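Because the structure is a prediction, the values reported are computed rather than measured. Reminder, nothing fancy here: chain letters follow the sequence lines and each chain counts from 1.
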Amino acid sequence: MVWKYIATRGGKIISASLIGAITIWIGTRLALSGQLVMAAVFVFGAAGILYVYTAARTYPWRYLVPGLVFLTAMVIFPIGYTVYVSLTNVSTGHILTKPQAITQIADRMYTPVNAPTYSYIAFKNATGQIALLLKNAANDLLYYNGKLTPVQPSDPRFVDDNGDGVPDKFLDYQRLTIRQVVKNLSYLENLSIPDGKYRLRMASLLAFKAYAPRYSYDVATDAVTDLQTGIIYYSDPKTGFFTAKDGKVLYPGFPVYIGLSNYLSILTNPLVSGPFGRVFAWTIAFAALSVLTTFVLGLILALLLNDPYLKLRRLYRVLVIVPYTLPALISILVWRGLLNTNMGVVNMQILMPLFHIKIPWFTDPTWAKVALVLVNLWLGYPYMMIVSLGALQSIPSELYEAALVDGAGWWKRFSRITLPLLLIPLAPLLIGSFAFNFNNFNIIYLLTQGGPPIPGAQTPAGATDILLSYAYNLAFKGGSGHQFGLAAAVSVIIFLIIATISAINFRFTGALEDLSKNV
Amino acid sequence: MYSKHTLLGSITRHLIIWIMIAFSLFPVVWIFSASINSTNSINTQRLIPKSLTWENYKNLFTDPLEPYGFWLVNSLIVATTTALFTVLLTALAAYAFSRFKFWGRRMMLLTLLLVQMFPQMLAMVAIYLLLYKIGKIAPWMGLNTLIGLIIVYLGGALGFNTWLTKGYFDTVPHSLEESALVDGASHFQAFVHIILPLSKPILATIFVLTFIGIYSEYLFASILLSSLHKYTLGVGLNLFLSGQWSNKWGIFAAGALMGSLPVLIIFILAQRLLVSGLTRGSVKE
């Protein structure tokens, strides 16, 4: 009975056990490396997946799990993690966890007063192993086979071939010349030989020195003591540093929960909130201008090219759609070259010869904004033209015939029939386009890099930065290192803005109700 | 709505359109001229070059400091793999939503829609730190790996795509599958052998849209990839345009044009799918 069960279900059982074993192994490794939360998430996730693929009633979920794994790991979890990071001070100098920071601090050494210094002779054998004879006035030491032992100069294992009083051989080891020592420098530099309370390390090309650990961490008081000076650094949960009474801190620090400080500094610190307000205003303006300009131009072209009396319209349609067929990323970079103030084609080959003007496209805040809208217009109007052409087809021609009979002019027909009937199907796409441009990182970052900079801003903000590129600069490009916590706070604010816009949109259009009825 | 043009009306219309065509083709024409211009420098560029050369195209693949070949191949690998897996993950999920009634179905569909509204880019800090940690345990999928980058992109695979595909699957008649199920096929077999072949247009659409989107992705590629040979095309070309770029304008132009080819080719092959897909989305049926 059991055997028959195993025979028919063998494949499943074996693969399930295998997955179980691998899960436990990875989970343990995560837990051992201190990532307890990740270990728990991983093990529970894997258990859930195993359940879905073995129980009969969860059959439909088997089709969802592969996509959901990626969605959870790379979107949902990171969103939660972003919120968490925004409440911390994670940034350059506060990236390592506290235990990692303590390990790094405890690794540091200093030279105690009266610490012995040794000159040394290095030997190497045929298999590449190295032995050291460490000498000073008081005693001689032998480092051999990973062990340090006192040794007498007269030890018979040393052979002095040329009688100069310096041994040339040790067992089958040959003495290294200075030149050979230099070749083995990286090995020698990494040696750290325990010697009682000291550690012997290479101090110069010719000498080893005794060092002692400089800091000791005490779990009970959660403090680090500087053994050289006696100063005690207490762990400060507000700043994420080990701090002495006089305010001196030890690097690196560690991440700490700082509550809403990042948000408060965005809202109240004038050096941060001033640029933030400008960035916010430009983000809205850029998205709105982009939608407006591309839609107007796209619609004009659609109206022209939908005209059955227009000759060559098929050819025209192909030629004006060209921007849409090229990767936007590359087009933006090309435009950056073309618009360059002193060398670009637009200024030097067109505007200068024809009008004798040179436009500072990227150095003047206003012109940089014009450049962005212009290039985004180039990128975006073909899309608007295509969707408008599609929507135009769906307007019944009887309406126009009736309007003609009533004597309505060109403008009346357009404003009373075409535009309202177009906007019904196109409104969701226009809102979508607004949302896209609200976070259109590529064009901002690749065309102007957010520049020119806003003078006097404490954070790296530029006149053409949008919220997303501003957060990017804070996290990855700032002159003052990675400010992950602050950048995450900006991201969360963008989240909230998008959520508000979407909620209003859904409320306004009832789209969510429509959709939930249809599922 | 339209009537015959007067002569003046006709001239005006053609004039407007030709101005637009000039705007549309302006960068393309200049960049092509720069790419075959033998001077290479932007300062001496003329619309019609004095002498022609293909050197710029050759030089793209010879400079070890700017390994354009690697960038192009990396971009193709990343975009193709991401697009393939996106189609696979989407089709699987859409099949469940389209064919089964199960606990959590409605909630999941709405969740996908809501999650889709928040661009993944907003979580860049978290994703960077996550990959940094993953890399400590499994370096082959951590920072500075194409696999890590692809995994990040696949986070966005479900979402709007699933809705689109589910809608298409809904229009495939159930009777075909039912006869297969009666003949003893499993649901999965019916999915692979009946639904997928009948849904090629929507699967191709999702492949193409994903490919084009990922090919132009810059943010994640720039923060996750850090060594020259791992760069994708966008990150690499951006590097081209920094520093002393004015004397490399010709090579840059050649690189930009050649890098545009994959997307252009895919667009030409799939233009009917794309244009009809866009207009279908805009017109309520």
Side-chain angles (χ1 to χ4, degrees), chain A residues 60 63-64 66-67 70-71 73-76 78-79 81-82 85 301 304 307-310 316 319-320 322-323 325-331 333-338 343 345 386-387 390-391 394 400 413 425-426 429 439 441-442 446 468 472 475-476 484 487-488 491 494-495 498 502 516 519, chain B residues 1-2 4-5 13 16-17 20-21 24-25 27-28 30-31 42-43 45 89 92-93 95-96 100 102 106 109-110 115 117-127 130 151-152 154-155 157-158 215-216 218-219 223 234 237-238 241 246 249 256 259-260 263-264 267 275 278-279 282-284:
Chain A
Y63 292 86
L64 296 182
F70 287 103
L71 184 74
M74 288 299 155
V75 180
I76 295 176
I79 288 176
Y81 196 38
T82 303
V85 173
L301 279 171
L304 287 171
D307 184 345
Y309 298 101
L310 186 80
Y316 287 165
L319 289 178
V320 293
V322 163
T325 62
L326 304 169
L329 175 71
I330 293 178
S331 306
L333 289 172
V334 167
W335 273 105
R336 184 161 113 211
L338 294 175
M343 298 176 284
V345 164
I386 294 168
V387 295
S394 69
Y400 295 114
R413 276 177 281 152
L426 294 189
L429 299 186
N439 287 315
F441 176 81
N442 274 11
L446 295 174
L468 187 60
Y472 177 92
F476 300 105
F484 290 130
S491 297
I494 307 178
F495 270 118
I498 296 176
S502 311
S516 61
V519 302
Chain B
M1 126 154 250
Y2 295 102
K4 276 213 151 143
H5 308 152
R13 283 180 175 84
I16 295 174
I17 292 169
M20 278 314 300
I21 291 174
S24 155
L25 297 182
V28 184
W30 277 97
I31 208 77
I42 192 170
N43 290 310
Q45 192 190 351
L89 299 175
L92 280 169
Y95 181 68
F100 298 104
F102 56 92
R106 221 180 122 83
L109 269 172
L110 291 178
V115 169
M117 289 187 319
F118 298 100
Q120 197 186 12
M121 291 182 286
L122 290 181
M124 58 189 167
V125 169
I127 288 176
L130 183 64
I151 290 174
V152 170
L154 285 178
L158 298 189
Y215 197 83
S216 270
Y218 179 81
L219 191 151
I223 61 175
L237 281 179
N238 191 31
L241 274 191
S246 59
W249 180 241
S260 300
V263 169
L264 184 65
F267 188 88
V275 173
L278 284 173
T279 45
S282 69
V283 182
K284 258 194 181 147

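- B:Val263 places none of its side-chain heavy atoms less than 4.5 Å from the side chain of A:Ile330.
- Only the backbone of A:Ala73 comes within contact range of chain B, with at least one heavy atom under 4.5 Å from a heavy atom of that chain.
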- [ ] Would you sort out whether B:Phe102 and A:Leu64 count as a side-chain contact (heavy atoms from CB on, under 4.5 Å), showing the intermediate values?
- [x] CA-CA 12 Å; B:Phe102 56 92; A:Leu64 296 182; 3.7 Å; yes
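- Of all the heavy atoms in A:Tyr472 and B:Met124, the pair that sits closest is N-CE, 3.2 Å.
- Contact tally against chain B (heavy-atom pairs below 4.5 Å) for A:Pro60, A:Pro308, A:Ser502, A:Ser491: the top residue is A:Pro60.
- Side-chain atoms of B:Tyr215 and A:Leu329, non-hydrogen and from C-beta on, never get closer than 4.5 Å to each other.
- In terms of non-hydrogen atom pairs under 4.5 Å with chain A, the most contact-rich of B:Leu122, B:Ile31, B:Leu154 is B:Leu122.
- Highest contact tally toward chain A, considering only B:Pro119, B:Ser216, B:Ala123, is held by B:Ser216 [criterion: heavy-atom pairs under 4.5 Å].
- Ranked by heavy-atom pairs shorter than 4.5 Å toward chain B, the options A:Asn439, A:Ile494, A:Thr82, A:Thr325 are led by A:Thr325.
- A search for side-chain hydrogen bond (donor to acceptor under 3.5 Å, both in side chains) contacts involving B:Asn238 returns A:Arg336, B:Tyr218, not counting sequence neighbours.
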- [ ] Give the C-alpha distance, both sets of side-chain angles, the deciding distance and a yes or no for side-chain contact (heavy atoms from CB on, under 4.5 Å) between A:Met343 and B:Trp249.
- [x] CA-CA 11 Å; A:Met343 298 176 284; B:Trp249 180 241; over 6 Å; no
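- Per-residue heavy-atom pair counts under 4.5 Å with chain B were compared for A:Leu338, A:Val85, A:Ile79, and the maximum is reached by A:Leu338.
- B:Ala157 does not touch chain A: none of its heavy atoms, backbone or side chain, sits under 4.5 Å away.
- Nearest heavy atom pair, residue A:Phe70 against residue B:Leu89, reads CD1-CD1, 3.7 Å.
- Counting heavy atoms from C-beta on, the side chains of A:Val334 and B:Trp30 never come closer than 4.5 Å.
- With rounding to the nearest 0.5 Å, the separation of CG in B:Leu241 from CG in A:Leu333 is 5.5 Å.
- For the set A:Val345, A:Val75, A:Leu304, the count of heavy-atom pairs under 4.5 angstrom toward chain B peaks at A:Val345.
- Contacts of B:Leu158 with chain A are made by side-chain atoms alone, with heavy-atom separations under 4.5 Å and no backbone atom involved.
- When every heavy atom of B:Ile21 is checked against every heavy atom of A:Tyr316, the shortest pair comes out as CD1-CD2, 3.6 Å.
- Separating the CG atom in A:Leu301 from the CD1 atom in B:Ile16 is a distance of 9.0 Å, to the nearest 0.5 Å.
- The two residues B:Gln120 and A:Met74 have their closest heavy-atom pair at NE2-O, 3.1 Å.
- The contact between A:Phe484 and chain B is made by backbone and side chain atoms together, counting heavy-atom distances below 4.5 Å.
- From A:Tyr309, atom OH reaches atom CZ of B:Arg13 across 11.0 Å, with rounding to the nearest 0.5 Å.
- When each of A:Leu71, A:Asn442, A:Asp307 is scored by its heavy-atom pairs under 4.5 Å with chain B, the top score falls to A:Asp307.
- Here A:Leu319 contributes atom CG and B:Met20 contributes atom CE; the two are 11.5 Å apart, rounded to the nearest 0.5 Å.
- For the atom pair CG of A:Leu468 and CG of B:Leu219, the computed distance is 6.0 Å after rounding to the nearest 0.5 Å.
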